[in-house]
Amino acid sequence: MFHRDGVIHCLLALGQGSNDGVLVDAEQHDCARLAAYVPGMRDIVNAQMDRAADFIIRWGTESTTSGSWCVYFDDLEEHLDLTVREGSGLDSMLRAALKRRPEVAAVDMHDGCIETEYHPEYCQRLSNNFEPENKPLRLKDIFPLLSGGSKVFLCHEEKGDPVPAENMKKLIDAGQGDFAALLNAQVLEIRPTSLHTWFMLNDVAPEELVRLHEAYDAFREAERSMGPVMG
């Protein structure tokens with residue numbers, strides 16, 4: 001924490017289970033002092049981490065010839081104006097953002113380096129030699145990776161509105177509905193953006209996504225009608 005050129009450099013505190021943040025400024029004081037309360041700060045930081053993950057993955061998958069690639073913290077500072085250091089808290093959030101991505105097989109951070117291993121099918125310089133036994137990628141193959149609240153949406157290549165993959169996970173975890181057809185759908189294309197990742201599906205009827213949407217609405221309505229549960 002320090003002041004320089006009229007700018008206050010603070011510590012950011014994010015409460016566990018909270019979406020808001022607090023900026024703390026304690027320079028020249030012997031106790032923590034509130035500088036600002038920032039509603040929705042966790043979403044802001046998560047969006048920055050997703051943007052950094054996009055940058056790291058795009059660079060790695062386009063460049064690697066071995067399946068792994070290293071991007072340094074200094075590269076993030078230079079290209080994204082994002083300062084990440086080991087132990088700062090942002091490093092663990094960035095690691096989590098990378099692990100949620102289907103392209104990533106493993107992540108290791110050491111000596112200022114973010115070393116990422118990728119699945120071969122996503123690496124441009126390896127894809128010509130990669131033959132996944134002529135089997136299409138199915139949603140069920142990567143669905144376990146879509147947990148943790150990541151903003152992934154399922155879309156059909158022909159028509160229909162996108163549906164959050166997290167809704168499907170909640171229904172499956174609650175034992176609600178049979179989504180075998182959707183889980184067996186082919187993932188035709190993965191379109192990552194700075195905020196969301198879109199999974200384009202085919203080899204499944206578009207009505208299955210409509211059924212998922214309706215089942216989730218009914219599930220939420222049933223939860224609301226039950227009211228709060230006392231523990």
Examine L137 and M200 and state if one hydrophobic cluster contains both, with Ile, Leu, Val, Met, Phe, Trp and Tyr joined whenever side-chain heavy atoms are less than 4.5 Å apart.
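No.
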
So, for [X] and [Y], which heavy atoms are closest and what is the spacing to 0.1 Å?
| X | Y | value |
| --- | --- | --- |
| G67 | L126 | N-CD1, 3.8 Å |
| A52 | L94 | CB-CD1, 3.8 Å |
| L76 | F55 | CD2-CD2, 3.8 Å |
| T64 | R125 | O-CB, 3.5 Å |
| E117 | S68 | CG-CB, 4.0 Å |
| H119 | V104 | NE2-O, 3.5 Å |

Between side-chain atoms of residues 106-114 and protein atoms elsewhere (two or more places apart, or another chain), which donor-acceptor pairs fall under 3.5 Å?
| unit_1 | atom_1 | unit_2 | atom_2 | d |
| --- | --- | --- | --- | --- |
| H110 | NE2 | E115 | OE1 | 3.1 |

Among H156, E208, K140, find the one that has a side-chain contact (heavy atoms from CB on, under 4.5 Å) with L182.
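Of H156, E208, K140, side-chain contact (heavy atoms from CB on, under 4.5 Å) with L182 is met by E208 alone.
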
I need the [X] [atom1] to [Y] [atom2] distance, nearest 0.5 Å.
| X | Y | atom1 | atom2 | value |
| --- | --- | --- | --- | --- |
| Q48 | L80 | CD | CG | 9.5 Å |
| N167 | L209 | CG | CG | 11.0 Å |
| M168 | H213 | CE | NE2 | 15.5 Å |

Could you pull out all residues at least two apart from Y216 that satisfy ring pair (Phe, Tyr, Trp, His ring centres under 6.0 Å)?
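Listed in chain order: nothing, the list is empty.
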
Suppose we screen for ring pair (Phe, Tyr, Trp, His ring centres under 6.0 Å). Which residues come up paired with Y118, at least two apart in sequence or across chains?
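In terms of ring pair (Phe, Tyr, Trp, His ring centres under 6.0 Å), with neighbours along the sequence ignored, Y118 is linked to no residue.
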
Any carboxylate oxygen within less than 4.0 angstrom of a Lys/Arg side-chain nitrogen, looking at E166 and K169?
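Result for this pair is no, no salt bridge flagged.
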
Is R224 salt-bridged to E221, cutoff N-O under 4.0 Å?
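Counted as a salt bridge, because a side-chain N and a carboxylate O are separated by less than 4.0 Å.
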
Heavy-atom donor-acceptor pair, D43 side chain to G40 backbone, under 3.5 Å:
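Answer holds: no.
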
According to side-chain hydrogen bond (donor to acceptor under 3.5 Å, both in side chains), who are the partners of E103, at least two apart in sequence or on a separate chain?
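With neighbours one apart ignored, the set is R101.
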
What do the steps show when you test I56 against W69 for side chain to side chain contact (heavy atoms under 4.5 Å, CB included), and what is the final call?
CA-CA 9 Å; I56 293 168; W69 191 257; over 6 Å; no

Over 60° means perpendicular and under 30° means parallel, so tell me whether H79 and W59 are parallel, tilted or perpendicular.
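Perpendicular.
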
Partner set under side chain to side chain contact (heavy atoms under 4.5 Å, CB included) for A185, not counting sequence neighbours
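Applying side chain to side chain contact (heavy atoms under 4.5 Å, CB included) to A185 gives L201, V204.
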
With sequence neighbours left out, which residue pairs that include part of residues 37-69 fulfil the disulfide (SG to SG under 2.5 Å) condition?
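Listed by first then second residue: nothing to list.
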
